[in-house]
Amino acid sequence: MNRDKEVWIFVEQEEGEIAAVSLELLSKGRELAERLDSRVCALLFGHDIAYLSEQVIEYGADVVLLADHPELASYRTLPYAKVVIDLVRARQPYILLLGATPTGRDLAPRIASAARAGLTADCTDLQIGEYRKKDRVYHDLLYQIRPAFGGNVIATIVNPDMHPQLATVREGVMRMAQPDRTRKGEVERVETQFDARDLALQVVKREMQPLCCDLKGASIVVAGGSGVGSKENFQLVFDLAQTLGGQVGATRAAVDAGYVSQEHQVGQTGITVRPRLYIACGISGTVQHRAGMDQSSKIIAINSDPDAPIFQIAHYKIVGDLNEVIPWMIRAYHENAK
Ligand code: FAD
């Protein structure tokens with residue numbers, strides 16, 4: 001076992017529920033650690049959350065570094081950053097991964113700055129590989145892969161000299177493995193001490209707003225683009241989604257036009273979805289939108305332009321006006337469901 005090449009995962013939890021992206025990262029971390037013949041350490045912070053260690057181990061951790069303290073009950077930048085930075089300085093992990101969530105995006109740059117390491121934000125893939133710089137060959141580096149230049153190229157970024165190799169990873173892009181109830185791991189409690197500067201910010205009140213939709217877990221997504229034409233007309237997309245028992249997605253153009261809220265956006269700067277069926281209505285199929293679509297889904301595209309790029313990836317192609325096609329599909333569904 002190569003202890004110099006540990007893969008650390010920052011596990012996000014909110015009120016005792018572990019974020020899906022953290023479970024996805026544990027699964028990916030396991031894969032990377034196996035390539036490096038090393039182990040996965042999970043950073044689990046909060047208060048009275050020791051019971052979550054079991055789940056973290058089932059998803060891939062070998063070691064859980066548990067910081068359990070009343071001041072860590074809910075996320076605050078300074079106390080959380082202090083604990084992670086102290087651990088990084090003391091133990092020098094090889095790789096550290098966080099979800100590209102508001103918390104991960106807040107915490108990761110502080111860690112990178114303290115460790116004088118680089119940081120790649122919003123990765124969509126991670127691999128282990130070799131890197132040559134002049135005469136020097138670096139082995140077992142983390143390839144941090146993400147779209148760049150507006151999504152027009154896929155960049156592979158490496159950080160050969162300054163470690164940890166730090167990256168945030170977008171939610172939904174890594175596959176979450178099935179939990180292994182037989183896995184065993186260690187839980188190590190981390191001593192935490194804060195001074196007044198770490199606690200300068202106090203949480204006075206917390207308000208949670210539930211998400212309007214569960215796009216990530218949906219098995220059917222009906223998505224609308226700017227071709228839908230108006231906010232009122234977007235009701236057609238909602239009607240089809242409701243008929244099929246699916247969720248509503250959208251392009252950024254539809255969101256920017258105010259047809260639907262941002263929580264529905266699929267794509268590079270939105271959500272990644274993995275449904276069994278994806279119905280794209282009035283969507284041209286740009287690379288930035290496709291970045292959020294799992295290519296293993298069955299795709300039905302409705303578009304009035306026979307040359308629309310979405311047809312290159314669609315399994316079923318309907319060339320026509322969505323204002324006619326969607327009502328027709330809803331009618332056909334009801335007739336056949338009788
Ligand atoms: P359009 O490209 O305008 O396509 C509309 C389509 O509707 C056309 O193909 C047209 O033929 C068809 N149509 C029109 N009328 C009808 C009708 N009556 N019936 C049937 N079809 C009709 N986009 C995203 O979606 N998600 C992202 O996360 C995202 N991130 C981005 C990040 C960056 C850095 C950048 C630069 C861009 C990003 N975009 C994203 C924007 C993206 O480049 C496109 O602008 C957007 O996806 C286009 O949306 P659309 O397909 O709805 O619109």
Side-chain angles (χ1 to χ4, degrees), residues 21 99-102 105 120-125 145-155 157 168-173 211-213 215-216 218 221-241 246-275 278-295 297 299-332:
V21 68
T101 59
R105 286 175 176 151
T120 305
D122 288 5
C123 289
T124 52
D125 196 8
I145 301 164
R146 54 152 297 159
F149 299 109
N152 294 315
V153 297
I154 299 294
I157 297 163
T168 63
V169 177
R170 283 176 43 109
E171 203 164 348
V173 295
L211 280 175
C212 71
C213 48
L215 263 179
K216 273 180 290 171
V221 172
V222 182
S226 74
V228 177
S230 68
K231 185 174 180 173
E232 293 67 41
N233 215 30
F234 218 86
Q235 189 56 42
L236 276 176
V237 179
F238 279 97
D239 290 347
L240 182 57
Q247 296 280 338
V248 171
T251 62
R252 184 156 125 179
V255 170
D256 288 348
Y259 299 169
V260 69
S261 69
Q262 209 271 334
E263 288 158 281
H264 294 275
Q265 186 183 316
V266 172
Q268 186 184 322
T269 44
I271 295 169
T272 301
V273 294
R274 295 186 186 283
Y278 192 91
I279 307 181
C281 313
I283 291 177
S284 60
T286 57
V287 66
Q288 294 90 358
H289 185 73
R290 280 164 23 196
M293 294 166 64
D294 187 36
Q295 303 289 325
S297 307
I299 299 166
I300 300 176
I302 307 165
N303 201 301
S304 50
D305 174 4
D307 297 322
I310 192 77
F311 286 139
Q312 291 164 13
I313 56 161
H315 300 91
Y316 300 96
K317 306 165 193 189
I318 304 175
V319 179
D321 182 346
L322 62 88
N323 297 299
E324 292 167 13
V325 175
I326 295 179
W328 170 81
M329 284 172 91
I330 294 172
R331 267 198 313 279

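Counting begins at 1 with the first residue of the sequence. Note that ligands are numbered from 1 as they come in the structure, with each ligand's atoms numbered from 1 the same way.
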Within the 4.5 Å heavy-atom criterion, are [X] and [Y] side-chain neighbours or not?
X	Y	value
Val266	Thr251	no
Ile302	Ile326	yes
Ile299	Tyr316	no

Value rounded to 0.5 Å, distance of CZ in Arg290 from CD1 in Ile310 |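 That separation rounds to 7.0 Å.
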Quick one: list whatever passes ring-ring contact (aromatic ring centres under 6.0 Å, His included) with His289, sequence neighbours left out.
->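 Applying ring-ring contact (aromatic ring centres under 6.0 Å, His included) to His289 gives none.
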Neighbouring residues of ligand 1, heavy-atom cut-off under 4.0 Å =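 Correct list: Gly150, Gly225, Ser226, Gly227, Thr251, Arg252, Ala253, Gln265, Val266, Gly267, Gln268, Thr269, Gly270, Gly282, Ile283, Ser284, Thr286, Gln288, His289, Asn303, Ser304, Asp305, Gly320, Asp321, Leu322, Asn323.
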How are the rings of Tyr259 and Phe234 set to each other: parallel, tilted or perpendicular (split at 30° and 60°)?
->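 Tyr259 vs Phe234 ring planes: tilted.
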